[in-house]
Structure formats: C-alpha cells, structure tokens
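Structure first, commentary second.
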Amino acid sequence: LTDSAEVVAKDVVLVIDRSGSMEGDKFAQAQDAAAWVLRNLNGDDRFGVITFSTSIRGFSTGLSDADARDDAVSWIESQGAAGSTDIDGALRAAFEMTDSERPSYVIFLTDGLPTEGVTDTAAITDPREYRVLATTTPTEGVGTVEAPRGTLTHHYTTDERGVLQK
C-alpha cells in the first residue's frame with residue numbers, strides 16, 4: 001500500500017469447527033489459522049469468534065475491538081474438539097454478529113458435513129437464508145468445503161442493492 005491508500009475498517013467473524021472429527025492436527029491447524037487472522041487485524045477492525053460442534057460457543061456475545069485479539073487467541077487455544085457438527089447453527093450465529101454498516105467477512109473452518117441441527121446441505125448452502133448483505137456493489141462469491149464425506153459448495157451473487165441471489 002502506498003501512503004495515500006486508505007485502510008477500510010472491517011469486521012471478521014471466525015467460525016471454527018470443534019466437533020470430534022476435528023480432533024488432532026485438523027483442530028490445531030484451524031486454531032493456528034484463526035490466531036493468524038486475529039493477529040493480522042488492523043487497529044480499527046472488529047472481530048467475532050464462534051466455535052461449534054453440538055453446541056455453539058462464542059468468545060463474546062458480539063463483535064470485539066482488535067485490541068482484544070490476544071484474549072481471543074487464548075480462548076481459541078483453550079477449546080477442545082468433541083461432539084457433532086451444527087454447521088447451520090454456527091453460520092446463523094456468525095451472520096447475526098455482522099454489521100450491515102461495515103464490510104464483513106465470515107471465515108468458516110471445518111472438515112465435515114452437518115450431523116446436528118439442520119443437516120440438509122441444500123438448505124444450509126442457500127445464502128438467502130442467512131442475511132441480506134449491505135453493499136452497493138454487485139459481488140460474487142463461491143464457498144467450498146472439502147470433506148472426507150463429501151463437498152459442501154455454494155455459489156452466490158448480490159445485486160446492486162446487496163440482495164443475495166442464488
């Protein structure tokens with residue numbers, strides 16, 4: 001970046017699978033990746049951290065300022081892997097944390113398919129179920145989760161009002 005480039009404050013929500021299938025290296029890698037993201041936030045950024053298995057846990061009830069990142073890393077490191085995989089519940093909790101007034105990113109770290117809560121992947125991958133994005137620029141995205149038992153993939157676009165289209 002040049003000195004004249006403006007850094008835009010953003011919100012980042014990390015969603016980390018802590019189900020039993022993540023135990024071992026996979027969970028350690030997810031923890032390391034989340035810690036890296038948190039340590040590289042800009043000063044005006046905010047973040048949320050959610051871990052999920054059979055239940056959904058959050059570092060806090062809402063978004064935290066970047067200066068709380070060390071506490072969040074410690075909290076992530078204290079989590080253990082066990083239980084089933086409630087992907088729908090985790091994504092719903094993540095999107096509820098986002099703020100339509102700021103650029104928001106949800107980073108989803110998992111190895112599997114849903115085994116708890118809503119387990120129909122077609123229902124889970126329909127982004128219209130989660131929220132209307134607040135953007136004035138049409139965008140496009142693809143999300144894919146490669147898993148030993150299959151692939152969870154979705155494709156979406158947003159129109160000029162930020163409304164998700166399938």
Side-chain angles (χ1 to χ4, degrees), residues 1-19 22 26-53 55-79 81 85-111 117 124-146 152-166:
L1 293 177
T2 64
D3 290 339
S4 63
E6 180 183 345
V7 176
V8 176
K10 66 190 167 300
D11 295 338
V12 177
V13 181
L14 295 161
V15 186
I16 307 164
D17 183 349
R18 62 174 163 74
S19 65
M22 289 288 288
K26 289 186 280 187
F27 191 58
Q29 289 171 355
Q31 288 172 308
D32 290 346
W36 185 90
V37 169
L38 291 172
R39 289 184 178 120
N40 286 280
L41 292 172
N42 294 314
D44 290 331
D45 293 342
R46 298 182 305 188
F47 70 90
V49 180
I50 294 170
T51 64
F52 71 98
S53 64
S55 63
I56 312 299
R57 297 180 188 160
F59 166 69
S60 63
T61 57
L63 294 169
S64 300
D65 292 330
D67 60 1
R69 68 183 123 214
D70 291 337
D71 291 337
V73 169
S74 295
W75 183 81
I76 291 167
E77 290 171 349
S78 75
Q79 302 295 301
T85 311
D86 186 357
I87 290 174
D88 183 68
L91 287 175
R92 287 183 185 280
F95 283 110
E96 286 174 12
M97 292 180 88
T98 61
D99 180 348
S100 63
E101 299 298 316
R102 291 168 58 115
S104 297
Y105 303 88
V106 174
I107 300 173
F108 190 71
L109 304 170
T110 187
D111 74 336
I124 294 170
T125 60
D126 184 351
R128 292 172 295 182
E129 291 294 315
Y130 296 107
R131 76 181 295 246
V132 175
L133 296 177
T135 181
T136 57
T137 305
T139 58
E140 184 169 348
V142 177
T144 304
V145 176
E146 295 294 335
L152 180 63
T153 304
H154 70 270
H155 177 263
Y156 69 89
T157 60
T158 60
D159 66 15
E160 65 282 350
R161 295 170 294 134
V163 177
L164 285 167
Q165 309 293 313
K166 187 89 169 166

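Every heavy atom of this structure was used, including side-chain atoms; hydrogens, water molecules and symmetry mates were not.
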**OP:** Evaluate the side-chain contact (heavy atoms from CB on, under 4.5 Å) criterion for residues I87 and F108: first the C-alpha distance (whole Å), next the side-chain angles of each, then the deciding distance (0.1 Å), finally the verdict.
**Re:** CA-CA 9 Å; I87 290 174; F108 190 71; 3.6 Å; yes
Original post:
Going by distance alone, is a donor N or O of one side chain under 3.5 Å from an acceptor N or O of the other, for T51 and R57?
Top reply: no
**OP:** List for me each residue that meets side chain to side chain contact (heavy atoms under 4.5 Å, CB included) alongside A94, sequence neighbours excluded, and say none if there are none.
**Re:** V13, V15, I50, V106
Looking only at heavy atoms, what is the nearest atom pair of [X] and [Y], with distance?
X	Y	value
A72	F47	CB-CE1, 3.4 Å
L63	G48	CD2-N, 3.8 Å
I16	A30	CG2-CB, 4.0 Å
R18	S55	NH2-O, 3.0 Å
G117	D86	CA-OD1, 4.1 Å

With rounding to the nearest 0.5 Å, note down the distance linking [atom1] in [X] to [atom2] in [Y].
X	Y	atom1	atom2	value
L38	I76	CG	CD1	5.0 Å
Q79	F52	CD	CZ	12.5 Å
L14	M97	CG	CE	10.0 Å
Q31	L109	CD	CG	10.5 Å

**OP:** Applying side-chain hydrogen bond (donor to acceptor under 3.5 Å, both in side chains), name anything that partners S60, two or more places apart in sequence or on another chain.
**Re:** S64
Subject >> Residue list, side-chain hydrogen bond (donor to acceptor under 3.5 Å, both in side chains) with D17, at least two apart or on another chain >> reply: S19, T110
Original post:
Quick one: salt bridge (Lys or Arg N to Asp or Glu O under 4.0 Å) pairs with a partner in residues 69-78, sequence neighbours left out?
Top reply: none
Subject >> salt bridge (Lys or Arg N to Asp or Glu O under 4.0 Å) contacts touching residues 27-45 (sequence neighbours left out) >> reply: K10-D45
Original post:
Do D111 and F27 come close enough that some side-chain heavy atom pair is under 4.5 Å?
Top reply: no
Subject >> Residues which pass salt bridge (charged side-chain N to carboxylate O under 4.0 Å, His left out) with D11, listed by chain and number, not counting sequence neighbours >> reply: R46, R102
